[in-house]
Each structure stands twice: as structure tokens, then as C-alpha cells.
There are 2 protein chains.
Amino acid sequence: MMSYTIRDVAQRAGVSQSTVSLVINDRTNVSPDTRRRVLVAIEDMEYYPRHSARHLALAKGGSIGFVLTEQFFRVSEPFYTKILLGAEFEAAKQGFYTLLSRAKEPFEYPKDIPRFLLDRSVDGLIVAGRAPKRLLKFIKEKKIPCVLVDFKLPSYNTNHVLIDNLSGSKEAMNHLISLGHQRIGFVAGSSTHPSILERYEGFRQVMKEHYGNSINDIDKLTYLNEEEASPQIGREGALELLRLPDPPTAIFACNDATAVGCYKAAKELGLSIPDDLAIMGFDDVDASTHLDPDLSTVHIYKAELGKEAVRSLVDRLENPDQPLKTKIISTKLIIRGSCGGERTPEINYF
Amino acid sequence: MMSYTIRDVAQRAGVSQSTVSLVINDRTNVSPDTRRRVLVAIEDMEYYPRHSARHLALAKGGSIGFVLTEQFFRVSEPFYTKILLGAEFEAAKQGFYTLLSRAKEPFEYPKDIPRFLLDRSVDGLIVAGRAPKRLLKFIKEKKIPCVLVDFKLPSYNTNHVLIDNLSGSKEAMNHLISLGHQRIGFVAGSSTHPSILERYEGFRQVMKEHYGNSINDIDKLTYLNEEEASPQIGREGALELLRLPDPPTAIFACNDATAVGCYKAAKELGLSIPDDLAIMGFDDVDASTHLDPDLSTVHIYKAELGKEAVRSLVDRLENPDQPLKTKIISTKLIIRGSCGGERTPEINYF
DNA sequence: CTGAAAGCGCTTACAG
DNA sequence: CTGAAAGCGCTTACAG
């Protein structure tokens, strides 16, 4: 198990450690012949530099941290998991390791700080979905390079990778309108999350533009709940709206998990989808294709969000003095069976 | 950003580095008073030992690797992802970091070896689902502590964490039989995977025991496909069996993804579930509750598999000379709406 | 172009 | 119980 070190290689190649190091790190100023001898020795001995030693010498280890709120692991819909996988993929491609940490909620101050931040295991980190303010404050104090994904906080300046929720939402709404719907309901959980707020804003804008609906009209057709978006919330919200004297003919759910609950509500009330009620989701998680009829929704390029986050972070790591950057990733409307219209050909959108 | 080292703490506390180290590592032989002084200095300075330095000095870093075949990331059903999350959870609890690696398929020998194995970033690893033989050989050659999860290879001796597929399969079959089904079909993809073979074996055993069916009878009711289990395969298989002159009244799918395809087939043939056709799955992935009717299936404690894998590995790391161990994790039959019978109360089985 | 030396921040025998 | 010293395996000025 004990294997060769740089010293062994140097000895075998008849050069100094420094020279081997130069070769390993692909520096110039090594004669072709020396380089060759070293390379041969490395090959022969199957030498590979220890990560920990480089890390210590360089004061950086080529690892990035990924912080995800505990709750998002519980959620069955693997939304953030896909972002994580995308991040891990891009990180690996760029030669970085990814370390994962679950942010506790509630967060206790020094106790719950991710260990990899304390022991300097990571060079920087990605925070997805949301994070305790106290943790964010710590990150800022320690000046740890950081990028926020699908999350932002007023006046918290750092790199961001965000979803173009507003455009996605308006596109979805316009589709519904093009199908002739006039009374469209909006059902949302997680109603304080910036992404949900933007989707809501899209809903409102389109309603106003098209029908000049009064705020009051729109409010009647809106169900907002601060609790985590879920099928339960979707069901509640849909039931509430559908029992209105003048119920909506279409419901735009803030995400697919919520839409699942709208299906349940429709079923309970004996409404058939899409004939009696059209439903539109947001996210395009796996569940959407399992529903019957399958759900029209707004696709989010989840893996891509993760990849962009890594690119953003690596960029920051390499150029610390750059201005902060925010990347907005577009969405794609996917028409399936839950609201009529011509189906979008099914391609694998990662 | 530059922060205190053990030397700074020593200076502040008026002791030597060695003493600080002893305190940090909670060793005996430090006078209460000295310990206190050191602790205070650590607190005051918010000192935390660098991971890389400990790693180098100790020749082990408290990280474990998790190897997953590339294909399993593509699969939309997050089966292995949940195992990974469980592993990550337990690892964190035990103070280990988890590093992830995607095993390429096909695997090219030295090129595709996970880097964390080469650069000694991990102390041991967990391999889930399957892995290239050449990689397994490398692991064995290098004597890297390793545990295989939901996978085994004849004569590959190492620690294992496996699913009790045989019992799970027989329990599911017995349930179907208790409902009066006599002609039960078995539809499988990934038919060479040890877990699928065991489920198949359970199917055969029960069929033989109960009806003394001839191998021939059973074979007629069996659809096996070596390709990755999927809805497509499930649909094909179900269609094939359902078009038999004497079609099955129930189908046992090798996993839930396959069962999804069986639903499609039933729908195409105008069969209603569970009245015309009962369907039983295996895995209990999220999709199963989204189906209509929701799928009766055999629950696998995915996170628990991951956790046990970590425990097994840590155990191995701490006691290298122990005998090899195999842990078999039981399953749980969950009755929902796809085959009749009294519903299992829905609890969150993690 | 190459080597000797110091340093990264820890741990661990070994003295005392 | 405590400290001085060496070592873990790299990288990086600095000489030459």
C-alpha cells in the first residue's frame, strides 16, 4: 500500500525533487531529455502525487463545497439533487472535487458551520436553494468565494446563477391564454422564495396585460402559501380556487410538486384534465411524465445550473478581483397533455 | 483569509505545538490547567486545524469515495442517488467526507481510474450498483478498503451490503397469490444483474411451490431482457405477455421503472388496473406514488443501504484485519392500488 | 536548465 | 506532564 513519493522518482530518474516537481506541473525550463527521463520514471513507478501534500504546499486543494439545506434532501423530488449532480460533473471535468454539506435548519451558529469551511478542505463553495443567514454572514466575513444558485438575498453581493423564472412564467401564461383561458388561477407554496415570487410576478403581469384584470380579480384567483411547496399545498390551493363561485378553467402551479396536488383536487371534484381544467407546472421533474395526463410544464435545466455554478466559482477562484457576476439560465416550455396545445417533441432535456 | 495555525495557538497559550496537538486530539497526559489554557486560546483565536496538514501527517484523511457507474446518473429514477445521499449522511455523521466518482462505461484502464484513488484523497471506497471489472481488479491490487453495495461478483471477496431481494420477491409473489392470481407474469430488464436475478428466482420459487408449474409454463410467463430496466422494456415485455393466448392476470415487474412501462402497455390494450391486470413493482421509487393507481411495490431502504455501506467501510478502516462481512438489508412490501388487497398505511420509509 | 533548502501545518516518537 | 525535533510529500524562491 505504501507507494512511491516524489523523492523516489527523483532518485530513479537521477534528478532532484524540484525537477520532478517541475515536470509534474508541466513547467517550462526543463530540458527535453531530463523531462523524458522523469516521465519514464513516473510511468515505471506508477507515481501519482499525493493530494494532501500538494494541498498543504499550495494552500489550496482543488475542492469545492456544495451546501444544501437539509430540507431539500427530504423532498422526494430530486430538484436540487440534479443541480448537485450537474455541479459535481462540471467540477470533476475541471479537476475539482466536490464536498457536500447539509445546512441545518434551524442553524446554530458556530456549531453548524460546515466543517469543510473550518478545516479549509474547500477553496470555495456553492450554495443552492437557500441558506441560513448566519451561515451566509460567516461566508462573507471569512471572504470565502461563493456562488448562490437559485437563490438570492437583497444586498448580498456575490456570484449568482439564477433561473429565468419571469420569462418562463410569462411564456407558460401566454400559452394558457392562447388556448383561450381567461380565468387562470395561480397556486403556490414556498411563496417567499425569490424564484416563486418571480413566477408569481409573471402570472400577474400577463393577467394584467391581457385582461386588464384588477388586482382584486387577480388576487381572488391566487392562492399563496409560505410553507414548502408540495402536493398537499397544491391540493388545498386548487380546492380553494375551484370552489370559487367563478372558478378558474386553468391553474398555473408554482412548481410540479404543487401541480401534483392540483391533479388530486381535480380528481376529487370529478374534473377531467385538460377538458374541465388545464394544469401547468414549473420545474419539469420526473413526476411530470408519470402523471396522467402528463404535465405541461416549464423545464428548468437543472444540471446546467449546477455546471454554471461551478464555472462561475472556478472563474472567481482564478480571478479573485473580477467584478461579481450573475448568470440567468433560460427555461423551456414543454407542452404535454395537461392543458391542450400541440405537444412538444420529447427530447431529453438535461 | 490567512488565519491562525497551531503555532500561533501554542504561542498564545504559552506552550509548545506538541501540547496543543495533544489537546486538539483529546489525548491524555495533559494537565487540566494546561488544557484549559490551550482551549481558551483556541476559542479566542477561532482556531481550527487544517485538514490537509492532518491528512499529510496521518497518511489518512477521513474521506471515503463513492463510485457510481455513469449510466446510473442518467437514469431519471434516483435509486442510487438515494443510496449516495444515505452514505453521505452517515459519512458526515462519522466525520468523513464523501467524494463522488462516475465510473466510465466502457472503462479504459489506466485513464479512467478515479483520481481520488490515485492521489490518495480517500481512505477507502464504496462501489454501488455495478462497476467495471478492471476497476475492481485495480482496487484489489492496491488493497484499497472497499465495500460493494447492491452488487457482487463471483469470487470477488470484500465487504458487501446487499438487498434481501429473494425474500422481498417471494413476499410480493405470495401477496399476488393470496389475491387469487394464478397466471403471474415476470417482466425484467437488467436481467444479468444479481439483484434482478434474485427477484426472478423468488418469482420462480413461488410459482413452483404453489402450482408446481413446469419450467416451461414459467418460462412462457417470463420476459427477460439484458438491457437496462426501463419503462420501454417494461412496455415491451408486458405487451408480449399480455398477447399470449393465455395471458397473465398479474405482472410482477423487476422494478418500478419497468412497472411504469407495464402501465403503459395495459393502457394501450385497454386493460384497467387492478381489475383486468394487477401490477407489482420493486424498489419503491417516487414514481410509484404518482402512478394512477399508485403502485404496489417492494420498498427498498435505499438510504439505509448507503448508511450501512459507510458503517461497513469505517469498520473495515478501523479494523483492517477483521473477517469480511456481508450485510443483507430486508425489504418491505407496500400495498397500494395496483393489485388490490388492503393498503399499507403510508409512512415515510426512508 | 538544475539542485539544495526552506516551508506548508500538522503529528509523533523521544527526551527530560 | 511538556518541549525540541523530525517527518509526512509536496512546491517554490533562490543560487548557480
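Each chain gets a letter, A, B and so on, in the order its sequence line appears, and its residues count up from 1.
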Looking at [X], does any N or O in its side chain come under 4.0 Å of the phosphate oxygens OP1/OP2 on [N]?
X	N	result
A/Tyr48	D/dG9	no
A/Ser18	C/dG3	no
A/Thr5	D/dG9	no
A/Ser21	D/dT11	yes

Could you tell me the Watson-Crick or G-U partner of D/dA4, where both distances fall under 3.5 Å? Say none if there is no partner.
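In the structure as shown, D/dA4 has no Watson-Crick or wobble partner.
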Nucleotide paired to D/dA13 in any strand shown, Watson-Crick or G-U, under 3.5 Å:
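The base-pairing partner of D/dA13, which may sit in any strand shown, does not exist here.
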Answer yes if the side chains of [X] and [Y] hold a donor-acceptor pair under 3.5 Å, and no otherwise.
X	Y	result
B/Ser121	B/Asp119	yes
B/Glu105	B/Gln71	yes
A/Arg311	A/Asn159	no

Of the candidate nucleotides [options], which contains the atom at the shortest distance from the side chain of [X]?
X	options	result
A/Thr19	D/dG9, C/dT2, C/dT12	C/dT2
A/Val30	C/dT11, C/dG7, C/dT2	C/dT2
B/Thr34	C/dC10, D/dT12, D/dC1	D/dC1
B/Leu58	C/dT12, D/dC10, D/dC1	C/dT12
B/Leu22	D/dT2, D/dC10, C/dG3	D/dT2
B/Asn25	C/dT11, D/dT2, D/dT11	C/dT11
B/Leu56	D/dC8, D/dG3, C/dA5	D/dC8
B/Arg54	D/dT11, C/dT11, D/dA5	C/dT11
B/Ala53	D/dG9, C/dC10, D/dA4	C/dC10
B/Gln17	C/dC10, D/dT2, D/dG3	C/dC10

Whole angstrom is fine here: how far is it from [atom1] in [X] over to [atom2] in [N]?
X	N	atom1	atom2	answer
B/Ile6	D/dA4	CD1	P	14 Å
A/Arg27	C/dG3	CZ	C1'	16 Å
B/His51	C/dC8	NE2	P	20 Å
B/Arg7	D/dA4	CZ	C1'	12 Å
A/His55	D/dC8	NE2	C1'	15 Å
A/Ile24	D/dT11	CD1	C1'	10 Å
B/Asp26	C/dT12	CG	C1'	17 Å
A/Asn29	D/dT12	CG	C1'	13 Å

If I compare all heavy atoms of B/Leu148 with all of B/Lys152, which pair ends up nearest, and what's the gap?
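Minimum heavy-atom separation between B/Leu148 and B/Lys152: CD2-CA, 4.3 Å.
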Of A/Gly14 and B/Val20, whose nearest nucleotide on DNA chain C comes first from the 5' end?
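Closest to the 5' end, via its nearest nucleotide, is A/Gly14.
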Separation of A/Glu308 CD from A/Leu162 CG (nearest 0.5 Å)
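So the CG of A/Leu162 and the CD of A/Glu308 are separated by 11.5 Å.
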CD-OG distance between B/Gln322 and B/Ser312, expressed to the nearest 0.5 angstrom
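So the gap between those two atoms works out to 9.0 Å.
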Classify the nucleic acid contact of A/Ser31 as base, sugar-phosphate or nothing, counting any heavy atom under 4.0 Å across all strands shown.
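Here A/Ser31 touches the backbone only, sparing every base.
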DNA chain D: B/Ala59 or B/Asp33, which has the more 5' nearest nucleotide?
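So the residue in question is B/Asp33.
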Going by heavy atoms in the side chains, are A/His51 and B/His55 under 4.5 Å from each other?
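Answer no - side chains too far apart.
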